[in-house]
Amino acid sequence: MKLNNATPINDHSAQRSLCLEPPEDTAAQAGLMEEIRDLARVRRAVILAHNYQTGPVQDVAHHVGDSLALALEAQKADADQIVFAGVHFMAEAAKVLNPGKRVFLPHRGAGCSLADSISAESLEDWKTRYPGHTVVTYINSSAEVKALSDICCTSANAISVVRSLPGTKVLFTPDKNLGRWVQKHVPEKEVVVYDGACPSHDVLRGVNVKKTLLSYPGAVVIAHPECREDILEMADEICSTAAMVHKVALYPQTKTFLVATESGILHQMKKAWPDREFIMADGCIGCRLHCPYMKMITLEDVRRSLLEEVFEVEVDPQTAQGARLALERMMAVPRD
Ligand code: CIZ
């Protein structure tokens, strides 16, 4: 993996907003958004924004969604360039699935602690300790790690992927919370989980959610499977970000939903369901569940990315081929 014009990923000094609210969508932003859309037209670029991005960045994008849906959307787009407002592994997966398009990540510091928790070397080492196991790797991982895996998964299809495997022994990497949840649903397999976690989800405790629920009696709890077990045990729905928006339809009588995932998803939920109330589950010391990396990219960064063609994501062809195979195997698995 290579990022042009790059300083190291996870450049903490570049953090802009750890626990701050994303900026409001103002009239000044409207001009900037128009400029961005014009630039995208001139560059023949498609702008993709992950569900965890700030509201204005989601609103300027041509497509908003989860990482896999966006990478697949890019395949259909009549565009030469992809500007991926997300974190590095997402832009990298988009490059792997769209080798003929130039892919740009608008902020070079937008990494992912979970993806960084496992390297190609540590996976190689882990595999030697578990011969005969099938390696299932969550999409939140580098292309190098994907290339060393038998198959990938997302939070939307992890259970189906593990269930579909012919063998019974599985190494699940890198998210231990997601892996534990999968094991619970697929008891016929023996799932060994790697010791990684997303800090933005793992920070949340059941006691915080219970406390918040006291103020919202009757609220439906929707949690992401990257959350700890105590959260998942009290959740009414456990699903990926894309599914969260749709799950609301199952509760026509419910006004309030308590959401346990990164705060960016609230933007899409509120847009889809303006008559409902969405409350973030509290994290540590009163912080909302913000991923600092997801909140790095601003509208100015998107404009700069288009104007200056920065920061281009490159994946060496051999790694890309291995990663693509693991992703394609995942895409061939029918959903349960
Ligand atoms: O797959 C994704 O985009 C992630 C990281 C989470 C989700 O549930 O959408």
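Atom set for the values below is all heavy atoms of this structure, side chains included, hydrogens, waters and symmetry mates excluded. Order of appearance sets the numbers: ligands from 1, and atoms from 1 within every ligand. Residue numbers run from 1 in the order of the sequence given.
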List of N/O pairs, ligand 1 versus protein, all under 3.5 Å?
from: ligand 1; atom 1: 1 (O); to: S67; atom 2: OG; distance (Å): 3.1
from: ligand 1; atom 1: 3 (O); to: H50; atom 2: NE2; distance (Å): 2.6
from: ligand 1; atom 1: 3 (O); to: S67; atom 2: N; distance (Å): 2.8
from: ligand 1; atom 1: 3 (O); to: S67; atom 2: OG; distance (Å): 3.1
from: ligand 1; atom 1: 8 (O); to: S155; atom 2: OG; distance (Å): 2.8
from: ligand 1; atom 1: 8 (O); to: H224; atom 2: NE2; distance (Å): 2.7
from: ligand 1; atom 1: 8 (O); to: T241; atom 2: N; distance (Å): 3.0
from: ligand 1; atom 1: 9 (O); to: T241; atom 2: OG1; distance (Å): 2.5

Is it possible for you to say whether M90 and M330 belong to one hydrophobic cluster, with membership spreading through side-chain heavy-atom contacts below 4.5 Å?
yes
Any luck finding a side-chain donor-acceptor pair between D202 and N177 under 3.5 Å?
yes
Short side-chain donor-acceptor distance under 3.5 Å, D116 and S113
no
Going by the side chain to side chain donor-acceptor pair (under 3.5 Å) test, name the single residue among H267, H63, Q268, H50 that passes it with Q58.
Q268
Evaluate side chain to side chain contact (heavy atoms under 4.5 Å, CB included) for L123 paired with V135, printing each intermediate quantity in order.
CA-CA 9 Å; L123 178 54; V135 179; 4.1 Å; yes
Summary of ring-ring contact (aromatic ring centres under 6.0 Å, His included) pairs that have at least one residue in residues 138-184, sequence neighbours excluded:
W181-H185
